[in-house]
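Remarks on the structure that follows.
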Amino acid sequence: MAPPNGPEIDPDRALADLRALRERTEDENGAQRVAWTDTWAAARDWLRERLAELPVEVDVDEAGNLWAVLAGASDRTVLLGSHVDSVPDGGWLDGTLGVLAGLEVLRALAAAGEPPVTVALVDWADEEGARFGRSLLGSGLATGTVDPRSVRDVEDRDGVALVDALAAHGVDLDAAPRARTRLDAAVAYLELHIEQGPVLERDDLTVGVVTGTAGVERHRVRIRGQAVQGGGFPMDARRDALVAGARLVLDVRAAARDERSRATVGAIDVRPAIPTAVPGVCELVIDQRHPDRDLLAKMRGEVHEAAARIAVEERVEVDFERIWSIAPIAFDAALVDLADETARAETGGSARLFSGALHDAASVAAAGVPTVMLFVQSRDGISHAREEDSSPEAIAAGVRTLAALTRRVIERAARG
Ligand SMILES: [Zn+2]
């Protein structure tokens, strides 16, 4: 009997591709494949050259996503995807791993002749949102989870409008939702990605299965006290907005009680921000995440209660403004089981993890396509940085598992 992947899957080829793309798109500070830039376009040109060696049809949809379609006996389509864009000074594996592993899977499938169902690889445009602050843009527009009107007025730091940057790469923002038809025949979506956390490394596993993505509640909090002269004003009469904010930050952390909770205050702004003034205004952004909807609501409630208490004790006003939220998304239970089984068969072990970070898979799952993700062990859990790395063994295990899972999903889809 032939091994489950056949002789033609070659993880070393995927590794060589990853290194070649890294070479082309990295400088001394890291990867520079920021979406809607020349380096990103060059990365895609390189990908197109690789795809041109295969019997696949390549084109770009109305939302800027690059598709390579290996036609099968049936139109029913198994999708593989991720993104080649990166953050500025990013790593070599975030996104590219899934795309180039998918490329290797396409190669192996194509070498075996016409598959029973169609298989498509998609490179989603602008997963990172690095330039315009809107993550999952290409997948969100294509799946209908992002409304073009909600991003129409967005500009980058240099005042370039998003709508113009997209147009420069051939994307008409208003037409983007038409890309939705690409998903009409999709029966499954599979995405391989680096873990971006330390769990697999800690548990000495190369590959794990993602059960879903966490829900997110992001609020801007504005605290108003009274700016006064710091040298003169007595301590007990102050209404110090930053002291109130600092207390709130600790309560945000305290409300993240279980091991699946995440809570971050990553931005804080103080005015007037001079050494001799008691801060009169403090603004901070709270990002809370949990895979359980009720527990996420509880976390948010605890922080609101803490803010109300601090407002009284510090005699400040506290206002919350919700700037973004997304519900937790559970991936397809049957695909999660199948991925778990496959990872065990291919690598000798597996774990079920949830993803605190969002991925294009969340857009696809939200659009109703049965979805699952595989995570590959990440060295020290570092991502979005030049130091991002995974061992060649872990990368190879990820490629093998994705290939084996794709074959199993094709077989299931072929049976109807
Ligand atoms: Zn990514």
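In each ligand, atom 1 is the first atom listed, and ligand 1 is the first ligand listed.
Using a 3.5 Å distance cut-off with no hydrogens or angles, the side chains of Asp126 and His83 do not pair a donor with an acceptor. In this structure, a donor-acceptor pair under 3.5 Å is present between the side chains of Thr145 and Thr143.
Of all protein atoms, those that are N, O or S and lie under 2.8 Å from the Zn ion (ligand 1) total 3.
Dense packing is recorded around CZ of Arg48, with more than 12 heavy atoms of other residues, nucleotides or ligands lying under 6.0 Å away.
To the nearest 0.5 angstrom, Leu21 atom CG is 5.5 Å from Arg33 atom CZ.
No donor-acceptor distance shorter than 3.5 angstrom exists from the side chain of Arg260 to the backbone of Asp292, with no hydrogens or angles considered. In this structure a side-chain-to-backbone donor-acceptor pair under 3.5 Å is missing from Arg293 to Pro328.
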